Colleague: 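Mind having a look at this structure? Questions to follow.
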Amino acid sequence: MAKPIILADNRFLDAPPTASGTAAGFDALHIADGRSYTFWQAPAAGTWYLTVQSPAAAKADCLGIIGHNLGSAAALVSVERSMDGATWSTVIAPFKPVNDKALLKNFTSRYGLYWRLKIVTAGSAPYLAVAMIGSRIEFPFPPNSPFVPYSASVVEESATSKTGNPLGTVVRYFPIDILPAFSLIDRVWVEQTYRPFWEGHARYRRYFFWAWDTDTYPEMVFFVKDIGKYDPSVSVLAYYDSLKLQLQGVMEL
Amino acid sequence: MTYLANLTAPCRVPITLVRVTLDFCSRSFGVAPCTGVGEPCYNTYHTCKVAAAFDKSSKIYEFSSADAPIPWPGPRPYLSSVSYLPTEITNTVTVTGRIKIDLIDEPDGDIGIDPYVQQRASVQGTYFKKLIARNPNYKGRLLEIYEGFLGDSFEQFQLRANEPLELVTVRGEITTLQTVDLLKGIGDIEVPPQQDTKLLGDIAGDALEMILDDTADVPLLPDAGYVKIGEEIIQYAAIDRAQRRLHGCTRGVMGTIALGHGAKDAVQICRYYPPANPFDILKELLLVDAALPPGQVDSAAIDHWRDWPGGEVAMTAFLDKPTKLSDLLLGVNSQSKSLSSSTDLPPESFGLVDLLDCKIWVAENLKVTLSRNIPNAPGRSYRSVTDAATVVSGSASVDMNEKIRVTRSVLYWDKDVLGAVDTAESYVQRDVGVNLDAEREYAATITERIYCRWLKSGIMQEEILADYIRDLLARRLFNRRDAAPVITLSVELKDSEILTGSFVTLFTDELLQPDGTPIHTRAQVIYREPRGSKIDLKVQRLNVRRSAFYAPEDAPVYQDATAAQQEYGGFYCDDLGKMPNGDVGFFYY
C-alpha cells in the first residue's frame, strides 16, 4: 500500500516548454499554465516530445497528466532526462495509459538539466492540458481511518410535471471533496516539507495532483486545490496533533 | 446520439458554445512585408504599428459552459449564462430582445492569444479586458451561439444565434456580450429619414425645378420622388446630385396647392407607398426601409399569407414627415383598459400588421416572420402540452386577459395627406362595427377608435373597399368577442422545440370547463424565454369559434373526423351553432 502523495512541483515551470510539433492554436506553453481546459495538441499522430531545459539541474520523481486523450489514442508515454540535451536516459519506461483520466506515475528520483515527455501515437493526434514532472510530496503514512477517498456530488436540475412525472434531468458536473486528516504527524516533516508546499502553492488555491494510494488505487488520481486553512494543532513536541486537508475538484467523465 | 435524441433523453449534459470572430492580422510582426520594430503588436488593427501591412483575416474565440465539462479541446469554459431575452408576440406589438451573454473573466497568461507572448517582459491583465483593449472596434463582428450535449461533435451542435456583436460591458469578473435584435432596430428607423435640407433661392408657384442649398442631405434623396415645402407637396422626376437640383417638378400634387417659396425654406423628403398589395408593402418596409438582409426576413411566410385566400385590397400611404418604422408596421397600440358600463378606449393607430389581422415577430431562427390570426388552418400541426407530461410542477398561472375584449370598433380612414395621423379630423371616412351580442352579454360597451393611414378611397372600386372594411371590423370584433386567457407555464428542456408562434393543444386544470373538468383547448405560444434547463412559455387560448374552410370531398362527419380533418371546419352545426359533441361551430372568415 502506497502512501498519499501530492505533485505540485513541476520542471515544466522552470522554463517555457517546447514541443516537437504543435497544432495551430494549441501551444505547448499551455501544459504548464495549470489550466485543465487549455491544451497542447500535436498536429498529427506520431512521435512527439514536450521538452524543458531547466536553468540548473533539478530533480524529479513523479509524472502527472490531466486532460488528455492518451488512453483512447493508445499512446505510449515515457519520461526522459538529459544533462546535455543530446544524450537521453529513460526514467519512466514507455507505458500505455488505461484511459483518458488523470494519471500519476512515480519513478526513482533523478537529476536532469533537460526533461522531456515522449508521446507516441499511431492513429490520432495526442493532446493534453496539464503535465507535471517534478518531485512529489509523500505523506509519512496513510490518512486517518475511516477515510473517504472522495465524496462526489451532483450539480443537476430535475423537473417534475404537475402530476409528478419526471420530465428530465440536466446534469451539469460532479464536484468532489476529499478530506484527509493525519494525526500525530511528524513536526519536522510538516514544517520542512508540507508547509513550504502550502506557502508556495496551496494557499494560492493552485491546483495539484493528489493520490491516496497509487499502488492499490492507481485510478484514484485527482487534480484538486486545497480550499482549507493551514492550521495544524500542536500539543506534543515532536508532532502536530492533526493536519487536515480540504481538497476540492471535479470528477472527470 | 443525435441532438434530438439527447434533447428527449431522460438525463443529459447540455453545453452551450459561443464563438466570437474578431479581426486578426495574418502576418508576423517585423517579418516582411510588416516592418514593425520594437514592442510587438497583438496582430489586431488597433495595436498595429504598420497599418499599411495589416492583412485582415479573422480569429475565432470559443467559450463553453462554465458549469459543464468542455466538449473538446479549444473552448474556454468561461460561459456563465446566455439570456435569450424573451420572444413575445401579442395582438398588436412585438417585443423581442437582445441576447445577453455573461462570461467569466480571469487573469490570463496570453498563451495562444498573444502571438508574441514569449517576447514580452511581463504579462498581466485579465482575458476579456485584454481582448477588448486589443479589439475595441468589435461592433458588428460575428457572434454565434450553439447548443449541444456532452459527447456530441461540433457538427452535431445546433446553431441558435448568428448575430452581429453590438455591445460589450465589463462589470467586475463578468464580461457581458450583447447582440441587437431586428425589430428593436426597426424602432430606431424613421421613414422618411430625418434630414436638414433647405431651398437655395426663392421659387415661384409654377417653377419646374429648384436648387437645394449646400447643407442638403442629397444622398438621402431618391432619384425621383416627392418633397414637401410648406403645405405643398412637389413631385420631382430626377435629381442632379452634383448641382443639388430637382428637375421635372409637378407642383401641388396629392391635393395640395402650388405656392411660391422662399430661400431657406425647409424641404422635407416624403415617402410614398403607391397602391399595392399590403403584404408586398410590408416586405418593402422590412427589406427597403429597414434595410434588413433578405436572409433575415421570412419572405416565404409573408408570401404564403399574401396568397392565402382572404383578398386584401390595395393599400397606400404618403408620409410627409419622419415616422417611426415600428409605428408604420405595428401601430401605436392602446393602453391598458378597464371594463365599466361604457368604456372608450384610448385611440390607437393601426399598423400594417394589425390591418392585415396578423402577428409579426422575430422567430427563434432570427428571421422576421408573420402569421395571420386564424383560429384554425388546414395542415396546421399542434404540439401536445399536458399537465402530466409537459407542464413543470408549480410553474403554471393564468391571466384571463379580458382586456382584449371589444364590442365596438370605430375605424377612421382615408387620411388627408398632410393631416396628423392621431386626430379624427384628419380622416375623411369613418366606419363602425358593433357586436350587439357581446354588448348584451357584457352589459357594457367597449369602444375602440382606430386611425388608419393605409386605407384610401379612390384607388379601387368603392364596393370592394367597403366590403373589406366591413369584414375587417367584423373579424376584429369576432376575435375580441371573448377573453383569450393566457396561461404561463414552464416546460423542460425536452420540450424546447416548442417555439414562439407555434400551436399547441393544451390539456390543463389551470382552466376548467363549466362542468369542472380540465380544458382541452388549442392555443398559440406568444412568449418564450429559455431559463437554464427550463423554458418559460405563455400560451394564449385560440378563439374557440373556428373558421370554415372547404374540406376535401371525402371528409367524414364531424364526430368521425380526425383533429387534422377538423382543422378544415366547414361542418354543419346544429340549431344552436354547436357541433354534435358540443364544440362551438364554424364561421366564415
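Heavy-atom basis, side chains included; hydrogens, waters and symmetry copies ignored. As the structure is a prediction and not an experimental result, all values here were calculated from the model. So you know, we letter chains A, B, ... as the sequences are listed, proteins then strands, and number each from 1.
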Colleague: When you measure from the centre of the six-membered ring of Phe95(A), is the NZ or CZ of Lys105(A) under 6.0 Å away and within 45° of the axis?
Modeller: yes
Colleague: With a 4.5 angstrom heavy-atom cut-off, is it the side chain or the backbone of Thr160(A) that approaches chain B, or both, or neither?
Modeller: both
Colleague: Heavy-atom cut-off 4.5 Å, strictly under: side chain, backbone, both or neither for Glu510(B) against chain A?
Modeller: both
Colleague: Examine whether an atom of Val171(A) lies under 4.5 Å from a heavy atom of chain B, and if so say whether it belongs to the side chain, the backbone or both; otherwise answer neither.
Modeller: both
Colleague: Can you say whether Leu489(B) sits under 4.5 Å from chain A via the side chain, the backbone, both, or neither, judging by heavy atoms?
Modeller: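 No part of Leu489(B) comes within 4.5 Å of chain A.
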Colleague: Need one label for Phe174(A): side chain, backbone, both or neither, based on atoms under 4.5 Å from any heavy atom in chain B.
Modeller: neither
Colleague: Can you say whether Tyr173(A) sits under 4.5 Å from chain B via the side chain, the backbone, both, or neither, judging by heavy atoms?
Modeller: both
Colleague: Report which part of Val117(B) has an atom under 4.5 Å of a heavy atom belonging to chain A: side chain, backbone, both, or neither.
Modeller: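 Looking at Val117(B), just its side chain touches chain A.
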Colleague: Tell me, for Asn6(B) versus chain A, whether the close heavy atoms (under 4.5 Å) come from the side chain, the backbone, both or neither.
Modeller: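 When you check distances to chain A, no heavy atom of Asn6(B) falls under 4.5 Å.
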Colleague: Think Arg35(A) forms a cation-pi with Phe223(A), using NZ or CZ under 6.0 Å from the six-ring centre and within 45 degrees of its axis?
Modeller: no
Colleague: Identify which part of Tyr127(A) has an atom lying under 4.5 Å from any heavy atom of chain B, answering side chain, backbone, both or neither.
Modeller: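 Just its side chain gets close to chain B.
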Colleague: So that I can tick it off, tell me whether Glu157(A) and Arg172(A) are bridged by a salt bridge, with the cut-off set at under 4.0 angstrom between side-chain N and carboxylate O.
Modeller: yes
Colleague: Under 3.5 Å, is there a donor-acceptor pair between the Asp536(B) and Ser490(B) side chains?
Modeller: yes
Colleague: Under a 4.0 Å N-O cut-off, is there an ion pair linking Lys162(A) with Asp509(B)?
Modeller: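 Salt bridge present between Lys162(A) and Asp509(B).
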Colleague: Using heavy-atom distances under 4.5 Å, tell me whether Pro10(B) contacts chain A through its side chain, its backbone, both, or neither.
Modeller: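 Only the backbone of Pro10(B) comes within 4.5 Å of chain A.
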Colleague: Chain B heavy atoms under 4.5 Å from Leu253(A): which part of the residue, side chain, backbone, both or neither?
Modeller: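 The answer is the side chain of Leu253(A).
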Colleague: Would Arg76(B) and Phe63(B) count as a cation-pi pair here, with the cationic atom under 6.0 angstrom from the ring centre and within 45° of the axis?
Modeller: no
Colleague: Under a 4.5 Å heavy-atom cut-off, does chain A meet the side chain of Thr8(B), its backbone, both or neither?
Modeller: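 For Thr8(B), there is no contact with chain A at all, as no heavy atom is under 4.5 Å.
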Colleague: Identify which of Asp33(A), Leu29(A), Asp27(A) forms the greatest number of heavy-atom pairs closer than 4.5 Å to chain B.
Modeller: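 Winner by heavy-atom pair count: Leu29(A).
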Colleague: Inspect the contact between Lys101(A) and Glu252(A) and indicate whether a charged nitrogen and a carboxylate oxygen are less than 4.0 angstrom apart.
Modeller: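 No.
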Colleague: For Lys534(B), is it the side chain, the backbone, both or neither that has a heavy atom under 4.5 Å from a heavy atom of chain A?
Modeller: side chain
Colleague: Could you check whether Arg134(B) pairs with Asp110(B) (Lys NZ or Arg NE/NH1/NH2 to Asp/Glu carboxylate O, under 4.0 Å)?
Modeller: yes
Colleague: Does Arg12(B) make a cation-pi contact with Phe149(B) (under 6.0 Å, within 45 degrees of the axis)?
Modeller: no
